[in-house]
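Below, chain A is the first sequence line, B the second, and so on; all start at residue 1.
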Amino acid sequence: LSFPPFQMPVLLPDGAAKPQQSPQKPSSFSPTKKPIVSFNVGSQVKKAIRFFTCASAAVCACYTSADQVHAQHHEETAAFEEHPAEIIYDTEFDELPPEILMKIIGQCDFNSQMHFRATSRHMHSLVEHSDLARRQVVGGVEIGTFPLASVSAVELNTLGQEEQQQEEIERERESRLEMQQQVRLRQQRLMSLSASSNNLLVPSSSSSSHSDDHPSLPDQQQKEQHILLRRLSKRYGQIVLTMDRLKFMMRRLCVCHSLHIRGVPMDDSLAPPSRRLQGCEVRDLVVDRVSTVSQESIVII
Amino acid sequence: RIYPLMRVTLTTSDGASVTVSRQLTKHSGFIEKAITDMAVDDNAVPLSAVAVDVDDATLKLVIEWLTEHRDDALPYPEKTDEERRADDIPAWDQAFVQKWDTKEDQQQTLYAVITAADKLDIKGLLDMTCKTLANKINGKTVEEMREILQLECDFTEEELAEIRKENAWCEN
């Protein structure tokens with residue numbers, strides 16, 4: 001099939017129409033394949049034009065795919081850039097999860113942690129009633145009862161030293177008791193000598209005054225009951241003390257804030273701690289601000 | 001094994017969606033677990049959408065941090081109490097947080113990112129933001145802390161007196 005060349009009429013200034021010859025289509029013309037350029041020129045020129053056309057098309061295609069790659073690379077942020085949004089501020093500090101709050105105050109120094117505890121009731125409650133908080137705030141020594149079998153060899157060495165010191169204390173106590181008994185005997189002799197007069201001395205009163213200084217627990221029971229000082233540190237590890245030495249420890253540590261035995265503040269019960277501990281288990285007994293206390297300084301006490 | 005070209009689509013709480021590389025999401029325990037739970041073919045690009053309970057503006061900040069820290073070693077090293085320090089924040093992270101300081105609601109931005117890091121289980125980001133907030137309140141008085149953290153003092157006078165007495169020794 002061959003189609004006659006299409007002639008488009010051109011309107012002249014005088015109103016007459018003049019047919020215009022359209023450019024000739026190539027012989028391989030097909031309605032489905034549009035020629036990119038159709039000029040009635042030589043085959044060499046056509047090839048050159050086609051070459052440049054293809055080259056330019058390829059360059060265009062490359063640029064297009066490069067754009068797509070570029071877009072893919074920036075796909076992560078493109079969505080945000082096209083649709084800028086604002087952060088939804090619906091969280092307050094005290095609405096953060098407790099674990100996060102504890103993680104935050106765990107990064108602060110001890111004084112700041114204590115100040116943090118005093119900021120609000122929520123924070124106070126968080127610190128006071130959370131075991132995690134408790135241990136973090138302490139940052140020093142935790143005291144509790146422990147089974148002797150669970151103590152490691154290193155701790156037992158410390159315990160051996162403690163036992164030696166305990167024996168020395170007991171010797172001193174026995175010698176004092178002997179002295180007291182001798183004094184009492186002398187007093188009784190004196191009283192018997194003055195039997196006719198009224199006896200103003202009550203032996204039991206002097207012994208009761210000593211009961212404050214010495215625990216009323218039997219010695220054997222005291223020996224079995226030990227206090228474990230657990231410092232949350234790799235350097236010092238666990239330190240074992242006997243119950244009898246607890247009050248000396250407390251005096252040495254000086255700072256007894258937040259010491260509670262079953263809710264009883266240790267500040268009040270510090271003077272005769274062993275007596276107060278009688279019959280009640282030492283639980284979660286915590287000493288604050290003991291970062292300066294080392295195993296060595298405790299042994300020296 | 002995580003291939004850098006693997007991608008996962010995250011759907012935010014406010015309906016936006018963003019496709020990120022698995023190289024970034026490997027730092028998020030939440031997203032990695034979600035992908036594992038989906039039991040899909042890892043070669044699928046992108047993977048099925050993972051819904052995260054974070055708004056898209058916060059997620060943008062999270063992704064910015066993840067992009068910077070994409071080559072960080074995993075798992076994130078757990079530190080003991082003794083090793084934990086608040087003054088070892090990397091310079092880029094400090095600049096990243098300082099950038100928020102120009103915003104009006106800087107504190108809330110920090111809370112939003114902390115919450116997002118917690119939800120997405122990104123330990124490094126959570127650690128850094130907590131340290132940043134800790135540095136803001138470290139060494140401050142009680143009143144200054146209340147002001148920074150915008151907390152109201154809801155103690156009674158008696159309770160305040162008791163707390164002052166308890167804290168007296170550490171004021172010196």
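Residues passing the side chain to side chain contact (heavy atoms under 4.5 Å, CB included) test with D72(B) are H27(B), H69(B), sequence neighbours excluded. P97(A) pairs by the side chain to side chain contact (heavy atoms under 4.5 Å, CB included) definition with E99(A), I100(A), D118(B), not counting sequence neighbours.
Heavy atoms closer than 4.5 Å to chain A are found in the side chain of L151(B), but not in its backbone. For a residue to count as touching a neighbouring chain, one of its non-hydrogen atoms must lie under 4.5 Å from one of that chain's; by this rule E159(B) touches chain A with the side chain only. Contact of I137(B) with chain A is made through backbone and side chain together, with heavy-atom distances under 4.5 Å. Residue contact with chain B, scored on non-hydrogen atoms closer than 4.5 Å, involves the side chain of L96(A) exclusively. Looking at Q150(B), only its side chain comes within 4.5 Å of chain A, counting heavy atoms on both sides.
Ring geometry for F93(A) versus Y111(B): interplanar angle of 30 to 60°, hence tilted.
Distance check: E158(B) CD to I163(B) CD1 gives 11.5 Å after rounding to the nearest 0.5 Å. To the nearest 0.5 Å, the span separating NZ on K103(A) from OG1 on T129(B) amounts to 8.5 Å.
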